[in-house]
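Worksheet: the structure to be examined is printed underneath.
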There are 2 protein chains.
Amino acid sequence: MSSERTQASPATSVPLVEELAAVIRERIYTQRYATGSWLRQEQLSAELGVSRTPLREALRILDREGLIQVHPSQGARVITGDLPTLLKAYELRAVIDGLAARLVAERNDPASGRLLGRAIEAQLGTLDPWEPREYTQSNVDFHEHVLHLSENEFLVKQSAIIRLTAQVFAPVALVGPDAARRAIGEHRAVVDAIDAGDGPAAERLARAHIEATITQLRSREDAAPPAE
Amino acid sequence: MSSERTQASPATSVPLVEELAAVIRERIYTQRYATGSWLRQEQLSAELGVSRTPLREALRILDREGLIQVHPSQGARVITGDLPTLLKAYELRAVIDGLAARLVAERNDPASGRLLGRAIEAQLGTLDPWEPREYTQSNVDFHEHVLHLSENEFLVKQSAIIRLTAQVFAPVALVGPDAARRAIGEHRAVVDAIDAGDGPAAERLARAHIEATITQLRSREDAAPPAE
DNA sequence: GTTGAATCGACTGTATCCAAAGATGAAGGC
DNA sequence: GCCTTCATCTTTGGATACAGTCGATTCAAC
C-alpha cells in the first residue's frame, strides 16, 4: 500500500474500511505488528496512505474482533498473547468448532468433504520438510473452511477467534511436527464424520480436537511463566 | 440525548462512540428502530446531537455485533428478524450458553448461585400478572448474568447474540406465560447444576434449554410464512 | 524524597468540503 | 408499450483542519 490507492485501483468496490481492517489484521497475524505493541493513528494512516477517518473505523472493528484493545485517550495496542488469555479463547473455540463441524455434517453436501480433504492434503504437504509457517496457515485454512461451510452467518463472524488462537498466539502455542501430525489425524477423523453425515460425532471430534490442545497447553501453565 | 451532551455531562469518561453504540443498540432492542428499517447517518447524528464521525464508528461496531448491516454506499439497516436467521442465531446461542453455564459451575463460587437465584425470582415476578416486556428483560438478565459470571472475556463479547435472539427477534419468537414458566423451570435446573459444581450437567441443561426453543420455533417454520 | 504543576504527545470529537456510488425518474429509441 | 439511457438527487465515503481532553512524563519546589 502507501501509494497504490491514490491513482491506481480503478474498481476496488470493497470499502476502504474493510480493506484497512484486512491489511492491519493480516499484519498482526503475520507478527509484523507484534503483540502488545501500540498502533498510532497518525503513524498508521501515514503508513497506509489513508486519512484517519476510515482508519479509526477499522481500528474499531479490530477492537470488536478482539485483535486489538483501544484504550480511550491512550491508543490501540495489539492484544497481548499470554497463556491464560489464550486458554480462554480456546475454550470458546472448542464449542465454536464443534458446532461448525456438526452443521457441516448435517448439511450432508459431498462437496464439503472433498474441499476439506484437499485442505488436509495441503496440511500434510507442510510436514515433510517441516514448515511451521505454512503449517500454521494450512491449519487456519482448514478450520476456516469448516466455519464457512456451516453457512451460518453468525458462526462465520467468529472467524476472528480462530486466527487469534492459531496465528496471533502462535509463539505461545507453538507446536512441533509431531503435534502437527496428530492434529492432522484428528482433522481427518472430523472430515470422516462429516462425510458420513454424522453430526454428533463430527461435533464431538472437532471439540475434542481443540480440547486436546487446551489440555496440552494447561500442562505448561506452571512450567512456563507468562512471557512479557 | 439530543442536547445533554453539549454543555452538560461534565465527566462522562466513557468515549462517545461507546455511548452512541449503547444508545442505538438499546433503541434497536426496544423496537424504537424497527427491524429492517434504514438508519440514515445525517438524521441519526442530528437526532443524537453528535457529528457523523463518531456515529459512523458506532455503526461499524453494531455492524460487527450483527445488529445492523452496513451496505456500502447505501446505508445501514437494522437486521431483519426472519425465522431462518433467528434459528441460525439460536444455534450459536445454544453452545455459547452451554459453555458459559459449564464455566460458571466449574468456578464453584457460591455467590454465583445466589445471584442467579435472585434473577430467577425476578423472572417469576413477571408471571403472575403476565408482563411480556418485563419477562423478556428478566430473561435476558438471567442469561447475561451467566455469561458474565463465566469470567471469560471472549464469551462476554458474545453478549450481543443473546439480546439479538431474545429481544430484537421478540416479535418473531414471542412466548406466552406457559412457555415462560417452562423456561424458568429450565433455568432453575441449570442453576442447581451450577450450585452442585457439576459442569457437564450445567452445560447439557443450558444447551438443551436453548435447543428446546429451536425445536419449538422450527415447528412453526412451515406454518407461518416469513413475515416481512 | 515526595508532592504538584507544567508540558507534551496522542486520542476524541466537530465541522466542512468534495468525490463517488445507488436510486430515481424522465426522455427518447425500438 | 416497453426498454434503455441519461441526468439528477440523495447518501455515504473519505480527507482535512481545528478545538478539546486525557495521561504520562518531567521538573521544580517543598
Side-chain angles (χ1 to χ4, degrees), chain A residues 1-24 28 33-34 36-64 67-80 228, chain B residues 1-24 33-34 36-64 67-80:
Chain A
M1 278 201 111
S2 78
S3 73
E4 48 265 60
R5 185 96 195 171
T6 43
Q7 63 269 34
S9 64
T12 44
S13 89
V14 288
L16 183 53
V17 189
E18 299 295 336
E19 194 179 330
L20 284 177
V23 169
I24 301 173
I28 294 176
Y33 298 146
S37 64
W38 291 93
L39 299 179
R40 301 283 161 219
Q41 291 184 6
E42 207 72 46
Q43 179 197 333
L44 261 186
S45 64
E47 190 174 333
L48 300 172
V50 299
S51 77
R52 280 177 38 222
T53 312
L55 176 68
R56 280 170 58 172
E57 290 182 45
L59 291 179
R60 209 56 78 171
I61 290 178
L62 297 177
D63 175 74
R64 244 34 195 200
L67 263 181
I68 66 176
Q69 290 176 331
V70 174
H71 295 78
S73 300
Q74 289 185 68
R77 67 185 312 185
V78 181
I79 188 174
T80 62
E228 164 54 5
Chain B
M1 275 206 126
S2 80
S3 72
E4 48 264 59
R5 185 94 196 175
T6 42
Q7 63 268 36
S9 65
T12 44
S13 88
V14 288
L16 183 54
V17 189
E18 299 294 337
E19 194 179 330
L20 285 177
V23 169
I24 301 173
Y33 297 147
S37 64
W38 291 93
L39 300 179
R40 299 279 157 227
Q41 294 182 4
E42 205 72 45
Q43 179 197 333
L44 261 186
S45 63
E47 191 174 332
L48 300 172
V50 298
S51 75
R52 277 175 52 206
T53 313
L55 175 70
R56 279 167 59 174
E57 290 181 44
L59 291 179
R60 206 58 76 172
I61 289 178
L62 297 177
D63 174 74
R64 242 35 194 198
L67 265 181
I68 67 176
Q69 291 176 332
V70 174
H71 296 77
S73 300
Q74 289 186 67
R77 66 185 311 183
V78 181
I79 188 173
T80 61

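Labels below follow one simple rule: chain letters A, B, ... track the order of the sequence lines, proteins then strands, and each chain is numbered from 1.
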Rounded interatomic separation in angstrom, taking [atom1] from [X] and [atom2] from [N]:
X	N	atom1	atom2	value
Gln41(A)	dG13(C)	CD	P	11 Å
Leu55(B)	dA15(C)	CG	P	13 Å
Gln69(B)	dT12(D)	CD	C1'	17 Å
Gln43(A)	dA10(C)	CD	P	9 Å
Arg52(A)	dC11(C)	CZ	C1'	7 Å
Glu42(B)	dT14(C)	CD	P	14 Å
Arg40(A)	dA24(D)	CZ	P	11 Å
Arg56(B)	dG13(D)	CZ	P	6 Å

- Starting at CZ of Arg60(A), measure out to CG of Leu55(A) and round the result to the nearest 0.5 Å.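 Going from CZ on Arg60(A) over to CG on Leu55(A), the span is 11.0 Å.
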- If you measure from CG on Leu16(B) to CD on Glu19(B), what distance do you get to the nearest 0.5 Å?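 If I round to the nearest 0.5 Å, the distance is 6.0 Å.
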- Which sits closer to the 5' end of DNA chain D, Gln74(A) or Val17(A), going by the nucleotide each is nearest to?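 It is Val17(A) whose nearest nucleotide is closer to the 5' end.
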- Task: Tell me which of Ser51(A) and Ser73(A) sits closer to the 5' end of DNA chain D, going by the nucleotide each one is nearest to.
- Result: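 With Ser51(A) and Ser73(A) compared, the 5'-side residue is Ser51(A).
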- Message: Here's a test of your reading of the structure: between His71(A) and Thr53(A), which maps to the more 5' nucleotide of DNA chain C?
- Response: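 It is His71(A), whose closest nucleotide lies nearer the 5' terminus.
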- Message: I need the single residue from Leu39(A), Ile79(A), Ile24(A) that forms a side chain to side chain contact (heavy atoms under 4.5 Å, CB included) with Ile68(A). Which is it?
- Response: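 Only one of Leu39(A), Ile79(A), Ile24(A) forms a side chain to side chain contact (heavy atoms under 4.5 Å, CB included) with Ile68(A), namely Leu39(A).
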- Can you see which heavy atom on Ala58(B) is nearest to which on Leu20(B), and at what distance?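 Closest approach of Ala58(B) to Leu20(B), heavy atoms only: CB-CB, 3.8 Å.
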